Novice: 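What follows is a single structure, and I will ask about it in a moment.
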There are 2 protein chains.
Amino acid sequence: MNDQKYNAIIADDHAIVRAGLKDALEKPGLIEPEGIKVLAEVGDGLSAIAEIRKHRPHLLLLDVSMPMAGGVEVLIEARRWSKETRVVVLTGVSAVGLVSDLIETGVDGLFSKASDNTEFYQKLPGILRGQRHISEYFLKILEETPNPPVLTDRERQTLNMILAGRSNKEIAAGLGISVKTVDKHRTSLMQKLKVHSVPQLIARALKEGLIDPSKEL
Amino acid sequence: MNDQKYNAIIADDHAIVRAGLKDALEKPGLIEPEGIKVLAEVGDGLSAIAEIRKHRPHLLLLDVSMPMAGGVEVLIEARRWSKETRVVVLTGVSAVGLVSDLIETGVDGLFSKASDNTEFYQKLPGILRGQRHISEYFLKILEETPNPPVLTDRERQTLNMILAGRSNKEIAAGLGISVKTVDKHRTSLMQKLKVHSVPQLIARALKEGLIDPSKEL
DNA sequence: CTCACCATGGGGCCAATCCCCCAATCGCGT
DNA sequence: ACGCGATTGGGGGATTGGCCCCATGGTGAG
């Protein structure tokens, strides 16, 4: 019965998605002739890392938005504990920051949940055998974005606190610096993002995925 | 071959979710002894409405976040064009505003994508036969929220434009009213939401789901 | 018919923001 | 050693925002 060549772990916070992916992986002939054995399915990032360390599977199917730990964090941990595991990320959001982070960290496959999944089925076998595939969808988004604004640490911190609804004064207190410095960071942020007010700043930040929405704002 | 008692339409912007749901519905014995026939699957709200008018199915499985038209809009249109269709909404977000809107509009079933889907499988047959079921998960969220702030039309419009990054002046021009009136709406908004600045307003609005995130902000 | 509430405006005050100007320190790479 | 950029801090000014005062209609509930 254990004649499957490959095994996998599925990580996604939606049970329906897990069920659908498990079905597709295990079905003989759809992706692999013998199907792919699903060793475990988990609903959060921490469990994902735990299962990776335990099973060291051939494949990890990973969702980006999960409780406890998101896509990039899990990817890094997976690399640390199981170098041979091929990591394929499925994402519903197409935030530029997120996508480029994933690619730079060295994800083996990247597909959109929104687009047709035939591309996913067709490319998975190649990925299992060492190839790498980033969906055209994301490549197009990346090259259509000539402005990947690079934020400094302080700017990122400031941005997050602005999104959390803190005023300049509160941010200054929180970071232990003067209000004027916060003001400077804020100004730099708005120059880099080419906006002129807080609401526009927030809108852009959310769209570009420059910040972490999971950090309960 | 057409011995299934019920048929359905699936609307979700993620192909994997559609595949998983279709599988579950059609599988004999899981939900219905003979399975449920899937007449169509669509990836956006407009197509969903079109297919509803065309097929008038027994069941509509609906996602809340979709391009072109979201959950509530599709629900209303479905009611208009096909009164007998049972509408069941699956959602990944648990924003209070959204949930209460759906329940008030009279959705027949409401389930969370994140929680286990056995509840979904078990309750669907009852829903097909006229019952109504809102997942405990959402009932708990609703009763834990004693403050359902009711916004007037103008306030909602103003809120949306604030979130879109418009200034008071721009909003005034857009709505054809004076800046002072916009200011008044803004003040009322902040009283109702118990915040004291735009950033806090945005943070709250996003968390409570008072506005439509799909309206590309 | 009141009464509450919404929507419409205006005056004014003070605080916060946006955006210029400026300078000092530190580290990093050429 | 020199420059570059990040970070820190300040002065000052124009604009906007948050919130108080006020009044006028309309509308729907009692």
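The model shown is predicted, which means the values in this text are computed figures rather than measured ones. Every chain is numbered from 1 and lettered A, B, ... according to where its sequence line falls, protein lines coming before strand lines.
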Novice: Nearest nucleotide by nearest heavy atom, which residue falls closer to the 5' end of DNA chain C, P199(B) or K180(B)?
Specialist: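 With K180(B) and P199(B) compared, the 5'-side residue is K180(B).
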Novice: Taking only residues two or more places apart in sequence, or in another chain, which ones meet K22(A) in a side-chain hydrogen bond (donor to acceptor under 3.5 Å, both in side chains)?
Specialist: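 For K22(A), no residue satisfies side-chain hydrogen bond (donor to acceptor under 3.5 Å, both in side chains) once neighbours in sequence are set aside.
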Novice: Over how many whole Å does the gap from K192(B) atom NZ to dG18(D) atom P extend?
Specialist: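 Rounded to the whole Å, the gap is 17 Å.
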Novice: Calculate, to the nearest 0.5 Å, the distance between atoms NE2 and CG belonging to H14(A) and N117(B) respectively.
Specialist: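 Going from NE2 on H14(A) over to CG on N117(B), the span is 11.5 Å.
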Novice: Quick one: label S178(B) by what it contacts on the DNA or RNA (base, sugar-phosphate, nothing), any heavy atom closer than 4.0 Å.
Specialist: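 Sugar-phosphate, backbone atoms only, no base.
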Novice: If you take atom types as modelled and just measure distance, does the side chain of D183(B) reach the base of dC19(D) with a donor-acceptor pair under 3.5 Å?
Specialist: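 It does, because a donor-acceptor pair links the side chain of D183(B) to the base of dC19(D) below 3.5 Å.
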Novice: Rounded to whole Å, please give me the gap between NE2 in H185(A) and C1' in dT8(D).
Specialist: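 Spelled out: NE2 on H185(A) to C1' on dT8(D) is 7 Å.
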Novice: Are side-chain heavy atoms of R154(A) and T181(A) found at a separation under 4.5 Å?
Specialist: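 A side-chain contact under 4.5 Å is absent here.
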Novice: Can a side chain N or O of T181(A) be found less than 4.0 Å away from OP1 or OP2 on dG9(D)?
Specialist: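 So the side chain of T181(A) is within the cut-off, an N or O lying under 4.0 Å from OP1 or OP2 of dG9(D).
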Novice: Could you tell me whether D108(B) and R79(B) have a side-chain N and a carboxylate O separated by less than 4.0 Å?
Specialist: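 Yes.
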Novice: If I take atom CG from residue L61(A) and atom CD1 from residue I9(A), how far apart are they, to the nearest 0.5 angstrom?
Specialist: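 The CD1 atom of I9(A) is 10.5 Å from CG of L61(A), to the nearest 0.5 Å.
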Novice: When the distance from CD1 of I162(A) to P of dT17(C) is rounded to whole Å, what number comes out?
Specialist: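 Value for this atom pair: 9 Å.
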Novice: Using rotation axes that map the C1' atoms of four end pairs onto the next four (five pairs an end), what angle separates the end axes of the helix from dC1(C)-dG30(D) to dT30(C)-dA1(D), to 10°?
Specialist: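 Answer rounded to 10°: the end axes differ by 40°.
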Novice: Could you tell me the separation between the CZ atom of R186(A) and the P atom of dG9(D), rounded to a whole number of Å?
Specialist: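 It is 16 Å, rounded to the nearest whole Å.
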Novice: Check the distance between dA6(D)'s C1' and E155(A)'s CD and give it to me in whole angstrom.
Specialist: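 Going from CD in E155(A) over to C1' in dA6(D) covers 9 Å.
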Novice: Given dA7(C), dC19(C), dC19(D), which nucleotide is nearest the side-chain atoms of T152(B)?
Specialist: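 Given the options dA7(C), dC19(C), dC19(D), the side chain of T152(B) is closest to dA7(C).
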Novice: Look at all strands and tell whether S188(B) reaches a base, only sugar-phosphate, or nothing, counting heavy atoms closer than 4.0 Å.
Specialist: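 No contact.
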Novice: Need one value for V198(A): base, sugar-phosphate or nothing, where a base atom within 4.0 Å counts as base even if backbone is also close, heavy atoms only.
Specialist: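 The residue V198(A) makes sugar-phosphate contact but no base contact.
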Novice: Consider side chain to side chain contact (heavy atoms under 4.5 Å, CB included). Of I127(A), L128(A), L60(A), V107(A), which one does V88(A) pass it with?
Specialist: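 Result: among I127(A), L128(A), L60(A), V107(A), I127(A) is the only option passing the side chain to side chain contact (heavy atoms under 4.5 Å, CB included) with V88(A).
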Novice: Tell me which residues in residues 165-176 of chain A put a heavy atom below 4.0 Å from DNA chain C, sorted by number, or none.
Specialist: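 S167(A), N168(A), K169(A) - these, ordered by number, are the residues of the stretch whose heavy atoms sit under 4.0 Å from the strand.
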Novice: In the structure I gave you, are the side-chain heavy atoms of I16(B) and D12(A) within less than 4.5 Å of one another anywhere?
Specialist: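 In short, these two side chains do not touch, never coming nearer than 4.5 Å.
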Novice: Calculate the interatomic distance between K194(B) atom NZ and dC19(D) atom C1'; express it in whole Å.
Specialist: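 Computing the K194(B):NZ to dC19(D):C1' distance gives 18 Å.
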Novice: If you check the R154(A) side chain, which of dG18(D), dG9(C), dT8(D) turns out closest?
Specialist: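 From the listed options, dT8(D) comes nearest.
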Novice: Are side-chain heavy atoms of L59(B) and L124(B) found at a separation under 4.5 Å?
Specialist: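 When only atoms from C-beta onward are counted, L124(B) and L59(B) do touch, with a gap below 4.5 Å.
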Novice: Starting from C1' on dA16(C), measure out to CD on Q200(B) and report it in whole angstrom.
Specialist: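 After rounding, the reported distance stands at 13 Å.
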Novice: Could you check whether any side-chain heavy atom of T158(A) comes within less than 4.5 Å of a side-chain heavy atom of L175(A), counting everything from C-beta outward?
Specialist: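 They are in side-chain contact.
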Novice: How many angstroms lie between CG in L21(B) and NZ in K113(B), if you round to the nearest 0.5 Å?
Specialist: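 If I round to the nearest 0.5 Å, the distance is 8.0 Å.
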Novice: I'd like to know if K184(B) reaches the base of dG18(D) with its side chain, counting only an N/O donor and acceptor under 3.5 Å.
Specialist: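 In this structure, the two groups form no donor-acceptor pair.
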Novice: For I177(B) and dT8(C), give me the distance from atom CD1 to atom P, rounded to whole Å.
Specialist: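 After rounding, the reported distance stands at 4 Å.
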